[in-house]
Amino acid sequence: MALVSRGFEDDWAHSSRTFGLPELPYVLIPYTMTSRNKEEAAQDVDGAFEALLKGLVTQPSEDGRIKPGKVLPAECEKFSGVDRLEAWGKFNREFMERGIADGFPLVAPTPQLVEQFVKAVGRDPLEVVGNLAPAYGAATVEKIAINAAMAGCEPEHLPVLIAAVQAIAETPESMFPARAITM
């Protein structure tokens, strides 16, 4: 059972599949906890408490086993406009509104562009390079290529980015202990 903020339902679906629990139930809350003060967050969770309790009453599966998740290719979104520039602008605004862009212009990761990146490394696009915190989602060659393309990288940069993702995924968090900053 999980709490999922509105707008992150697809992320939850992908994460639950990644962890081999594709049908794990969740309760939808209106906002992300990080965007609310303590009182507002408590109110959001209080409103979801009954649904959480109801969802925790579960029945075992028929054979008692958990179905393993599988890695799926990235979904393709389409943006249109009177011309490519208008479509590109819609794409950038949409990603900013979703909170998944940093404010710099994004390059549209068209299927053709992503394919160029994947061909540059000669690896299976669905190969899992590592699982990344905080949700430990699968970082596939294809998804790394998509992010590299959006950031403005060139296909020849992908081997370095894959190595970096692999290093991050394999680095124990204990190597980077949290430090308090004092003034």
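Just so it is clear, the model here is predicted, and its values are computed rather than measured.
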message = To the closest 0.5 Å, what do you measure between OH (Tyr31) and CD1 (Ile29)?
response = 11.0 Å
message = Within the structure provided, determine whether Val107 and Leu113 are in side-chain contact (heavy-atom separation under 4.5 Å).
response = yes
query = Should we say atom CD of Glu156 is surrounded by more than 12 heavy atoms from elsewhere, each under 6.0 Å from it?
reply = yes
ask   = Going from CD on Gln116 to CD on Glu154, what distance comes out if it is rounded to the nearest 0.5 angstrom?
value = 9.0 Å
task = Check the surroundings of atom CD in Glu127: do more than 12 heavy atoms from other residues, nucleotides or ligands lie under 6.0 Å from it?
result = yes
ask   = In Å and rounded to the nearest 0.5 Å, what is the OG1 to CD distance from Thr110 to Glu115?
value = 9.5 Å
query = Are any of the side-chain heavy atoms of Leu126 and Pro73 separated by less than 4.5 Å?
reply = yes
Same apolar cluster: Ile100 and Val114, side chain cutoff 4.5 Å = yes
remark   = Minimal heavy-atom distance between Ala87 and Gly81, with the atoms involved, is CB-N, 3.8 Å
Atom of Pro155, atom of Ala120 and distance for their closest heavy-atom approach = O-CB, 3.6 Å
ask   = Roughly how far apart are Leu106 CG and Asn92 CG, rounded to 0.5 Å?
value = 4.5 Å
Minimum side-chain heavy-atom gap Arg6-Glu9 below 4.5 Å = yes
inquiry  = Looking at Arg98 and Glu77, is any side-chain nitrogen of the basic one under 4.0 Å from a carboxylate oxygen of the acidic one?
reply    = yes
ask   = Which distance, rounded to the nearest 0.5 Å, do you find between the CD of Glu40 and the CG of Asp44?
value = 7.5 Å
inquiry  = Lys90 vs Glu86, test: salt bridge (charged side-chain N to carboxylate O under 4.0 Å, His left out). Steps then yes/no.
reply    = CA-CA 6 Å; Lys90 288 179 180 179; Glu86 183 179 347; 3.7 Å; yes
query = Is it true that Val121 and Val160 fall in one hydrophobic cluster, defined by side-chain heavy atoms closer than 4.5 Å?
reply = no
request  = Decide if atom NZ of Lys119 counts as having more than 12 heavy atoms of other residues, nucleotides or ligands within a radius under 6.0 Å.
outcome  = no
Close side-chain approach of Cys153 and Leu158, heavy atoms under 4.5 Å = no
ask   = Given the rule that I, L, V, M, F, W and Y join up when any side-chain heavy atoms are under 4.5 Å apart, are Phe95 and Leu85 in one cluster?
value = yes
task = Find out whether Pro105 and Phe91 are in side-chain contact, i.e. whether some heavy atom of one side chain is under 4.5 Å from a heavy atom of the other.
result = no
task = Could you tell me whether the side chain of Phe79 reaches within less than 4.5 Å of the side chain of Arg84, counting heavy atoms only?
result = no
query = Out of curiosity, Phe117 CZ to Ile162 CD1, how far, rounded to the nearest 0.5 Å?
reply = 10.5 Å
query = Is there side-chain contact between Val129 and Val141, with at least one heavy-atom pair below 4.5 Å?
reply = yes
inquiry  = Quick check: closest heavy atoms across Trp12 and Ala2, and the distance to 0.1 Å?
reply    = CH2-CB, 3.5 Å
key: Heavy-atom pair of closest approach, residues Thr140 and Pro125   = CB-O, 3.5 Å
Heavy atoms from other residues, nucleotides or ligands near CZ of Phe8 exceed 12 (cutoff 6.0 Å) = no
